[in-house]
Q: 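Shown below is the structure under consideration.
Lettering of chains follows the sequences in order, A, B, ..., and the numbering in each one begins at 1. Please read these numbers as outputs of a predicted model, since none were measured by experiment. Below, each value reflects all heavy atoms present in this structure, side chains not excepted, and no hydrogens, waters or symmetry copies.
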2 protein chains.
Amino acid sequence: MTITEVSEKFDLTQDTLRYYERIGLIPHVNRNKSGIRDYTEEDCKWVEFIKCMRNAGLPIEALIEYVALFQQGDETIGSRKELLTEQRKQLIRRMEDMQKTLERLNYKIESYEQSVVKKEKELKRAED
Amino acid sequence: MTITEVSEKFDLTQDTLRYYERIGLIPHVNRNKSGIRDYTEEDCKWVEFIKCMRNAGLPIEALIEYVALFQQGDETIGSRKELLTEQRKQLIRRMEDMQKTLERLNYKIESYEQSVVKKEKELKRAED
DNA sequence: GCTTGACCTGGTGTTAACTCCAGATGATAG
DNA sequence: CTATCATCTGGAGTTAACACCAGGTCAAGC
């Protein structure tokens, strides 16, 4: 796949794709004989995986380390599992925070609901 | 309350508190006769509210608008409710994304679990 | 009355995560 | 053969969200 195709497929700019590769957020993509990137199926999976993880707020740092570990082979399976477990922990924490915020928003919106109703009633009375 | 106390209470730097006030992320805080900020109970509630919302990833822009609407009085109750409802929608969307990512992490970690076990077995065989 | 320390304002500095650009190159269409 | 076009690389520019700083004020302790 060309970079244009990957860019469209995952809705990331070409610059972002090149940037991700440069900083090691995805493994190095092979080039064809004239130096142009040719994304394999696996490259695409990496892109998609990274996009998903970034979307959920996992820190770039941790993901770079994960990719680096991956490239060092099977010796690092333990470390990778640890890394992901730690990130999962933090993800859960963030989700809990968001859950609390959500409940708070729900409450606030409900209060506004009642204010609006009250306001409408006042207006109605004013009409009488 | 002094800015130092508020800063410590909510774990935000004084610079951040002043910054938030400057850009309208919290309403203007009154100063005493010598120009020093004196946070009321309500000011504190705003700080805490904003911190909570920012923590959950609500965009600063939206919060600034919310504060501005609030300061315009009861006329804006409807708009405020709409604004919060929209932000809630987006918050829910983010949480759903994160939920998917979480499940993916769970799956990946589980796979690693098995890899580790397999690896240990190989080592054991090698010992024999 | 002088020093100290918390606080002020306005403005500059920093960092992360892209984003844009210039100049070069190789393939392709006419 | 030439012009166009997608792509390349290395490096500079941008934006958000603070963080830091200089120079000044004011109240309090000694």
Side-chain angles (χ1 to χ4, degrees), chain A residues 1-40 43-44 46-68 87 90 94 97 101, chain B residues 1-40 43-44 46-68 87 90 94 97 101:
Chain A
M1 271 190 136
T2 71
I3 195 169
T4 301
E5 289 164 346
V6 177
S7 165
E8 282 164 7
K9 182 162 182 185
F10 298 110
D11 194 33
L12 292 170
T13 71
Q14 300 190 9
D15 271 310
T16 300
L17 285 169
R18 284 191 277 259
Y19 168 70
Y20 279 2
E21 187 181 342
R22 201 155 69 192
I23 64 171
L25 196 45
I26 57 173
H28 187 261
V29 175
N30 279 329
R31 321 292 151 115
N32 65 20
K33 59 279 175 209
S34 51
I36 291 179
R37 284 174 183 76
D38 184 14
Y39 289 81
T40 65
D43 290 331
C44 287
W46 270 109
V47 171
E48 193 269 334
F49 172 69
I50 289 298
K51 194 188 173 186
C52 174
M53 294 299 137
R54 285 293 296 142
N55 235 339
L58 271 75
I60 281 197
E61 282 273 308
L63 294 170
I64 288 177
E65 198 188 335
Y66 179 73
V67 173
Q87 291 307 317
Q90 296 189 20
R94 282 198 301 277
D97 280 1
T101 304
Chain B
M1 269 192 139
T2 70
I3 196 169
T4 303
E5 287 163 349
V6 177
S7 165
E8 281 164 8
K9 181 165 184 184
F10 298 111
D11 194 31
L12 292 170
T13 71
Q14 301 192 9
D15 271 311
T16 301
L17 286 168
R18 284 191 277 257
Y19 168 70
Y20 279 1
E21 188 180 344
R22 199 154 72 194
I23 64 171
L25 196 46
I26 57 174
H28 186 259
V29 174
N30 279 328
R31 321 291 151 117
N32 63 21
K33 56 284 176 206
S34 50
I36 292 182
R37 285 175 182 77
D38 184 14
Y39 288 81
T40 66
D43 291 330
C44 286
W46 271 110
V47 171
E48 194 269 333
F49 172 68
I50 290 296
K51 195 189 172 184
C52 173
M53 294 298 140
R54 286 292 298 141
N55 233 340
L58 271 75
I60 280 196
E61 283 274 309
L63 294 169
I64 288 175
E65 198 188 335
Y66 179 75
V67 173
Q87 290 307 318
Q90 295 187 19
R94 282 199 301 277
D97 281 2
T101 304

Q: Figure out the CG/C1' separation between D38(A) and dA6(D), and round it to whole Å.
A: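 Spelled out: CG on D38(A) to C1' on dA6(D) is 14 Å.
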Q: K51(A) NZ to dA17(C) C1': how many Å, rounded?
A: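 Interatomic distance, NZ of K51(A) to C1' of dA17(C): 15 Å.
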Q: Does T16(B) put a side-chain nitrogen or oxygen below 4.0 Å from OP1 or OP2 of dA19(D)?
A: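 Affirmative; the distance criterion is met.
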Q: So, taking the atom named SG in C44(B) and the one named CE in M1(B), what distance separates them when rounded to the nearest 0.5 Å?
A: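 Answer rounded to 0.5 Å: 5.0 Å.
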Q: Using the side chain to side chain donor-acceptor pair (under 3.5 Å) rule, take T13(A) and D15(A) through it: C-alpha gap first, then chi angles, then the decisive distance, then the call.
A: CA-CA 5 Å; T13(A) 71; D15(A) 271 310; 5.2 Å; no
Q: With sugar-phosphate meaning primed atoms plus P, OP1 and OP2, does I3(B) contact a base, only sugar-phosphate, or nothing at under 4.0 Å between heavy atoms?
A: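 Touches sugar-phosphate only.
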Q: Roughly how far apart are L12(A) CG and R54(A) CZ, rounded to 0.5 Å?
A: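 Atom-to-atom, L12(A):CG and R54(A):CZ are 11.0 Å apart.
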Q: Can you figure out which of dC8(C), dC18(C), dA19(D) approaches the side chain of T13(B) most closely?
A: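 Comparing dC8(C), dC18(C), dA19(D) against the side chain of T13(B), the answer is dA19(D).
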Q: If you compare every side-chain N and O of S34(A) against the phosphate oxygens of dC8(D) (OP1, OP2), does one of them come in below 4.0 Å?
A: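 Answer no for this pair, as no side-chain N or O of S34(A) is under 4.0 Å from OP1 or OP2.
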Q: Please classify the nucleic acid contact of I60(A) as base, sugar-phosphate, or nothing, using heavy-atom distances under 4.0 Å.
A: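 Counting heavy atoms under 4.0 Å across all strands, the contact made by I60(A) is with sugar-phosphate only.
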Q: How far does CE of M53(B) sit from OH of Y66(B), to the nearest 0.5 angstrom?
A: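 M53(B) CE to Y66(B) OH: 8.5 Å, rounded to 0.5 Å.
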Q: Closer than 4.0 Å, any side-chain N/O of R37(A) to the OP1 or OP2 of dT9(D)?
A: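 Yes, within the criterion.
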Q: Give a yes/no on whether any side-chain N or O of R31(A) is located under 4.0 angstrom from OP1 or OP2 of dA6(D).
A: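 R31(A) to dA6(D) OP1/OP2: no side-chain N or O under 4.0 Å.
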Q: From CG of N32(B) over to P of dC8(C), roughly how many Å is that when rounded to an integer?
A: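 Whole-Å distance recorded here is 9 Å.
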Q: Is the phosphate of dC18(D), meaning OP1 or OP2, less than 4.0 Å from a side-chain N or O of Y20(B)?
A: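 So the side chain of Y20(B) is within the cut-off, an N or O lying under 4.0 Å from OP1 or OP2 of dC18(D).
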Q: With heavy atoms under 4.0 Å as the rule, sort R18(B) into base, sugar-phosphate or nothing.
A: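 Base, at least one base atom sits under 4.0 Å.
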Q: Measure distances between side-chain N and O atoms of D15(A) and base N and O atoms of dC18(C), and say whether any donor-acceptor pair falls under 3.5 Å.
A: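 Side chain to base: no pair present.
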Q: Between C1' on dC8(C) and CD on Q14(B), what's the gap in Å once rounded to a whole number?
A: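 It works out to 11 Å between those atoms.
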Q: Could you go through R31(B) and E21(B), starting from their C-alpha distance and side-chain angles, then the distance that decides it, and tell me whether this counts as salt bridge (Lys or Arg N to Asp or Glu O under 4.0 Å)?
A: CA-CA 13 Å; R31(B) 321 291 151 117; E21(B) 188 180 344; 2.3 Å; yes
Q: Touch check for R22(A), heavy atoms < 4.0 angstrom, all strands: base, sugar-phosphate only, or nothing?
A: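 Base, at least one base heavy atom under 4.0 Å.
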Q: In whole Å, I'd like the distance from the CD1 atom of I36(A) to the C1' atom of dA27(C).
A: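 Rounded to whole Å, this separation is 8 Å.
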Q: Grab the CG-P distance between N55(A) and dA17(C) for me, whole Å please.
A: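 The distance from CG of N55(A) to P of dA17(C) comes to 14 Å, rounded to the nearest Å.
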Q: Please report the distance, rounded to the nearest Å, between CG in L25(A) and C1' in dA16(C).
A: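 The answer, rounded to whole Å, is 13 Å.
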Q: Given that R54(B) and E5(A) both sit by DNA chain D, which one's nearest nucleotide is further toward the 5' end?
A: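 Final value for this comparison: E5(A).
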Q: Atom CG of L58(B) and atom C1' of dA17(D): how far apart are they, to the nearest Å?
A: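 Answer to the nearest Å: 16 Å.
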